[in-house]
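Have a look at the structure below before the remarks.
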Amino acid sequence: MPPKGPANKRQSVAAPVEPAPNAGGGDGEQDGDMDDFDMPVIIKVKPEDQMSWLTPEELEKEVPPRVLYPQNPRAPHNLTHFSHKDRAFKREDQVDQVVFHHSMDGGILLRDSPDDQDQTEIQKRKEEEAQGQEQDDDKEVEFDPPEDPQEMPVKNPLRNQFNFSDRAAQTKNAILRERGWATEPPPTTGFTGTVTQWDIFDQYMIEIELAKEKEKDHNTKGKGSFDDEGDKGKKKDANAPIYSDSMKLSIKLMERMVNQNAEAEVYHDFKYWEDRSDEFRDGEGTLLPLWRFSSEKAKRKQVTCIKWNPQYNDLCAVGFGSYDFSRRGTGVICCYSLKNTRFPEYVFNTDAGVCCLDWHPQHPAVIAVGLYDGTVLVYDVRAKTKKPIYQSTVRTNKHTDPVWEVRWNTDESGGTLNFFSISSDGRVSNWLLMKNKLESEEVMELKLISGASGGAGEDDETSLAGLAGGLCFDFNRHSEHLFLVGTEEGRIHKCSKAFSGQYLETYEGHSMAVYTVRWNPFHPRIFLSASADWTVKMWDHQVRLPVMSFDLGQAIGDVAWAPYSSTTFAAITSDGPVAPTSGVVHIYDLSINRNEHICEQKVVKRAKLTQVAFNSVEPILIVGDDRGGVNTLKLSPNLRLGVVRTEETPAEKTDEDLQVEKMERLLEMVTETKEVS
C-alpha cells in the first residue's frame, strides 16, 4: 500500500478504496494511522492516455463550459412552400425546433380550480339524487284495512312472490340469399383545361349576342307575319308601275324641284351672292347662314361627326350620338344633300351612339362607322336593307371602349378594303373587309410614357403600366406610313405603320386631352391640334415644340383646315361666360394675320357647336351642334382666298407648290420673330 500523503496534481483520477486490516505489529506511525481506519483511502490513478506534455499551469487552466442550445439538430432548414400570390416557391425561414418524445392526455384536475369545483358539484348532485331515490324506495305504502277479515291479504310464504315460470322456444331462422349484378362501366374520356377570367367574359358575351339575335329574329318574324296579314293588297300590286324604281327616282326628283322652288332665294344666295363689303374690311370676312338640316329621328341627339362625300360634293354624312356619357342611347346616321334640305337622303339606325364615320375615297357608297360601345360598322347606302354589311363582334376582337375616329386606308396594295380605328382602350386597329366577315389586326398599342422625355429612345423600363386612351388620329397624305395620335393625357405621338412597337416622336404642348389632330392638306410637315385646354397649336413634325399657339379662351369643339389654302383653318367654341350656350365660329388666315382671327361670328343660340367641316368644292362651311342641328354657312370672298398668280409667278409651278411656298414663308417669319424675341 503506498503511503498517505498529498495528492499529486498531475494525477487527475481518484478512486476510493476501503482500508486494509492490520496484519501485524508495526511502529508507532502505523499505530497512529490505524486510528483512522474508518476514513476512506483515496488513491490517485493516472489515466494511461493522459497527455504527459501538459504543464501544471495548463492542467490548472479551467476548461470552458459547454452550452446546450434548445435546437433540434434534425430539424430541416431548407423548407420551401409555393406562394400562390407571387406564383413562385419561397423559403421558410422559421424552423420548428419542438420535439415531443412522449405525450399523454391526463385526467388530473387542480384542486380548488374552476373545473374541480364543477366536478365536485356534479358528484354531490348525483349522491343527493341517489339518496333521495333510496329513501323513496324504503317508504311503506299505507292503506286502509278492509272491514271483512277474510279479505285481509295473506302473506305469501313462497320466495317467488309472482309464481312466475319462464318458457322459451327457438324457431329455425330463414336462409337469406343475396343476388347482385355487375355491368360494364360506360366509356369515359378525361378533359382538362385552364379557364381565365377573359375566357368566361368572352363566353358570356357570345351567349348574350346569340340571345339578342334570337330575340331580333323572333320580333322580325312577328312583324313579318303581321305585315303579311295587313298588306296582302300591297303585295299583289308589288309589280305595279307605281312601285318601280323609275317611279321612285321620279318622285325624288320632283321632291327636289319642289324644295328648290320653295327656297329659291336661299339657293340663289348660295350660287351667286357675294358680300361686296369685304373690299372695305381689310382682310376680314363674314359668314352667311344658308340652311339648317334637322330630322325628327335625330331630335335630342348631339352631332358627333360630319364628313363630306369625296365624289358627290353635295352629299354629307352626319352621325348623331351623345357626349353626355350618363345618358347613353341609340344612334342615327343621316345623309343630307344640298339638293334637298328638308329630309335626309339616307337614314341608318344603330344600337349605340355614333362617335365617328368616314366615306371611302374610291367607293363613295361605302361608309365606315364607329360606335360608343366599341363596335365598328360598314354600311352601303345603295343596299335596300338598312342593316350594316359588316359588323365587329367579340369574336373579331372588337374595341372595349368608344371608337373615337375611323379612317379608310388609301393604300389598297393588298387587294382588300380596310380601314383604321382608334379607341379609348389604347389600341389602333386595322379592319379588313373579307368575303363574309370583318377581321382585325392590331396596329399599335398606345403605351403610357412617364416624364417629358418620351420619343423614339424611350425605354420599356420607364413606361408605366396600362395604355393611353386614344381620342383622335390622322394619316399624312404625302407619307402614308406616318400618322399622328392624340391621347387623353395631352400628348401627341407620331407613329408609323412599319414600327408598331414604339413612337417615332412625342409632342408635349397641351396640358389636357387632345380632341383633334389634322395634317395640313398641302404642306407635308405641318399639322394642327385642338385640346381641352382651350388652345389650338400648329406643329412641325420635325420639331418637338409647337410653331404657333392660339388661345381662344373658351372650350374648343373641333378644328379643320381649309381645302383651298394652306394657311387657313376654322375652329368652333362657345360664346364665352356671358352666353356659354351659344356657338361661335373662328376663322384664321395666317398669311393675313398671324395673331388674330379674321372672322368671329355667332352661328347658333342656345346650343353648343360640336363639329366643323369644309366643303372641298363649294365655298361653304358646315357646323353641327348639340341639339341635333346641322348649319350651313357660306364664306365671304375674304375668307376663301386661295392662290394668287401674278405675272412674276412661274408658269411651271402648280397651285400646290404655291401653297407650300406660302406656308414656308409663314414658317420663316415665325422663326425670325422667335429669334428676335
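- Evaluation of the salt bridge (Lys or Arg N to Asp or Glu O under 4.0 Å) rule for Glu345 yields Lys252, Arg256 as partners, not counting sequence neighbours.
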Which is it for Lys537 and Ser529 under the side chain to side chain donor-acceptor pair (under 3.5 Å) test, yes or no, and what are the steps along the way? CA-CA 5 Å; Lys537 297 182 183 294; Ser529 65; over 6 Å; no
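- For the side-chain contact (heavy atoms from CB on, under 4.5 Å) test with Val623, the passing option among Val630, Val585, Thr632, Thr610 is Val585; the others fail.
- Side chain to side chain, Trp404 and Ser424 meet the donor-acceptor criterion of an N or O pair below 3.5 Å.
- Residues forming a ring-ring contact (aromatic ring centres under 6.0 Å, His included) with Tyr390 (at least two apart in sequence, or on another chain): none.
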Between Ser392 and Trp431, is the side chain to side chain donor-acceptor pair (under 3.5 Å) condition met? List the steps. CA-CA 9 Å; Ser392 65; Trp431 301 89; over 6 Å; no
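- How far NZ of Lys605 is from CZ of Arg627: 13.5 Å, rounded to the nearest 0.5 Å.
- When side chains are defined from C-beta on, Val303 does not count as touching Asp626, because their heavy atoms never get closer than 4.5 Å.
- Using a 4.5 Å heavy-atom cutoff, the side chains of Phe320 and Ile333 are not in contact.
- The shortest side-chain heavy-atom distance between Leu433 and Val378 falls under the 4.5 Å cut-off.
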Applying side chain to side chain donor-acceptor pair (under 3.5 Å), run through Asp558 and Thr516 and close with a yes or a no. CA-CA 7 Å; Asp558 194 12; Thr516 308; 3.1 Å; yes
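- Summarising the local packing, NZ of Lys339 is surrounded by 12 or fewer heavy atoms from other residues, nucleotides or ligands at distances under 6.0 Å.
- By the 30° and 60° cut-offs, the orientation of the rings of Phe569 relative to Tyr588 is parallel.
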Candidate pair Lys497 and His481, rule side chain to side chain donor-acceptor pair (under 3.5 Å), full reasoning: CA-CA 5 Å; Lys497 300 177 186 178; His481 66 282; over 6 Å; no
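- Applying the salt bridge (Lys or Arg N to Asp or Glu O under 4.0 Å) test to residues at least two apart or on different chains, the pairs with a partner in residues 467-476 are Arg407-Asp474.
- When side chains are defined from C-beta on, Phe527 counts as touching Ile492, because their heavy atoms get closer than 4.5 Å.
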Between Trp534 and Phe550, is the ring pair (Phe, Tyr, Trp, His ring centres under 6.0 Å) condition met? List the steps. CA-CA 9 Å; Trp534 299 0; Phe550 308 92; over 10 Å; no
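- The pair Glu263-Arg342 meets the salt-bridge criterion, since a charged nitrogen lies less than 4.0 angstrom from a carboxylate oxygen.
- Taking the six-membered ring where the residue is Trp, the centroids of Trp359 and Tyr379 are separated by 6.0 Å or more.
- Under the side-chain hydrogen bond (donor to acceptor under 3.5 Å, both in side chains) criterion, Asp380 pairs with Arg382, not counting sequence neighbours.
- With Thr573 as the fixed residue, the side chain to side chain donor-acceptor pair (under 3.5 Å) test singles out one of His586, Glu600, Lys608, Gln554: His586.
- Between Leu609 and Gly583 the shortest heavy-atom distance is CG-CA, 3.6 Å.
- Partners of Tyr346 under the ring-ring contact (aromatic ring centres under 6.0 Å, His included) rule, at least two apart in sequence or in another chain, do not exist in this structure.
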Cys335 and Leu315: side chain to side chain contact (heavy atoms under 4.5 Å, CB included), yes or no, with the steps? CA-CA 7 Å; Cys335 298; Leu315 184 65; 4.1 Å; yes
Donor-acceptor pairs under 3.5 angstrom involving side-chain atoms of residues 205-214: please list them, not counting sequence neighbours.
none

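- For residues 285-307, the salt bridge (Lys or Arg N to Asp or Glu O under 4.0 Å) pairs, not counting sequence neighbours, are Arg292-Asp625.
- Within a 6.0 Å radius of OH in Tyr515, no more than 12 heavy atoms belonging to other residues, nucleotides or ligands are found.
- Of the N and O atoms on the side chains of Asn418 and Thr416, not one donor lies less than 3.5 Å from an acceptor on the other residue.
- In summary, Asp275 and Lys634 do not engage in a salt bridge, as defined by a charged side-chain N under 4.0 Å from a carboxylate O.
- Side chain of Asp589 to main chain of Thr568: no donor-acceptor pair is present (N/O by atom type, distance under 3.5 Å, no hydrogens or angles).
- Ile306 approaches Gly624 most closely through the heavy-atom pair CD1-N, 3.7 Å.
- The shortest distance between side-chain heavy atoms of Val354 and Val332 does not fall below 4.5 Å.
- The nearest pair of heavy atoms linking Thr304 to Tyr323 is O-OH, 3.3 Å.
- Across every non-hydrogen atom of Asn631 and Val604, the tightest pair is ND2-CG1, 3.4 Å.
- Take Arg640 and apply the salt bridge (Lys or Arg N to Asp or Glu O under 4.0 Å) test, not counting sequence neighbours, and it matches Glu274.
- Here the closest non-hydrogen pair linking Trp308 and Ala613 is NE1-O, 3.8 Å.
- Cys472 meets the side chain to side chain contact (heavy atoms under 4.5 Å, CB included) test with Glu405, Val514, Val517; sequence neighbours excluded.
- In this structure, Ile592 and Leu641 have side chains that are in contact, with non-hydrogen atoms separated by less than 4.5 Å.
- Atoms NE2 and NE2, from His523 and His541 in turn, are 9.0 Å apart once rounded to the nearest 0.5 Å.
- Side chain of Ser423 to backbone of Pro402: a donor-acceptor contact under 3.5 angstrom is found.
- Residues Leu371 and Val376 form no side-chain contact, since every pair of their non-hydrogen atoms from C-beta on lies 4.5 Å or further apart.
- Classification of the Phe293-Tyr336 ring pair by plane angle, with boundaries at 30° and 60°, yields tilted.
- Residues passing the side chain to side chain contact (heavy atoms under 4.5 Å, CB included) test with Gln659 are Phe522, Ser565, Ser566, Val643, Lys662, sequence neighbours excluded.
- Residues passing the side-chain hydrogen bond (donor to acceptor under 3.5 Å, both in side chains) test with Tyr312: none are found, sequence neighbours excluded.
- Sorted by first and then second residue, the salt bridge (Lys or Arg N to Asp or Glu O under 4.0 Å) pairs with a member in residues 423-443 read Asp425-Arg427, Lys437-Glu439; sequence neighbours excluded.
- Between Trp408 and His363, the distance from one ring center to the other does not fall under 6.0 angstrom.
- No side-chain N or O of Ser636 forms a donor-acceptor pair with one of Asn638 less than 3.5 Å apart.
- For Asp351, the CG atom counts as loosely surrounded, since its 6.0 Å shell holds 12 or fewer non-hydrogen atoms of other residues, nucleotides or ligands.
- Under the 3.5 Å distance criterion, the side-chain polar atoms of Asn615 are matched with a main-chain donor or acceptor of Asn313.
- Of all heavy-atom pairs spanning Leu471 and Ala513, the tightest one is CD1-CB, 3.6 Å.
- Annotation: side chain of Val559 is not in contact with side chain of Val612 (no heavy-atom distance under 4.5 Å).
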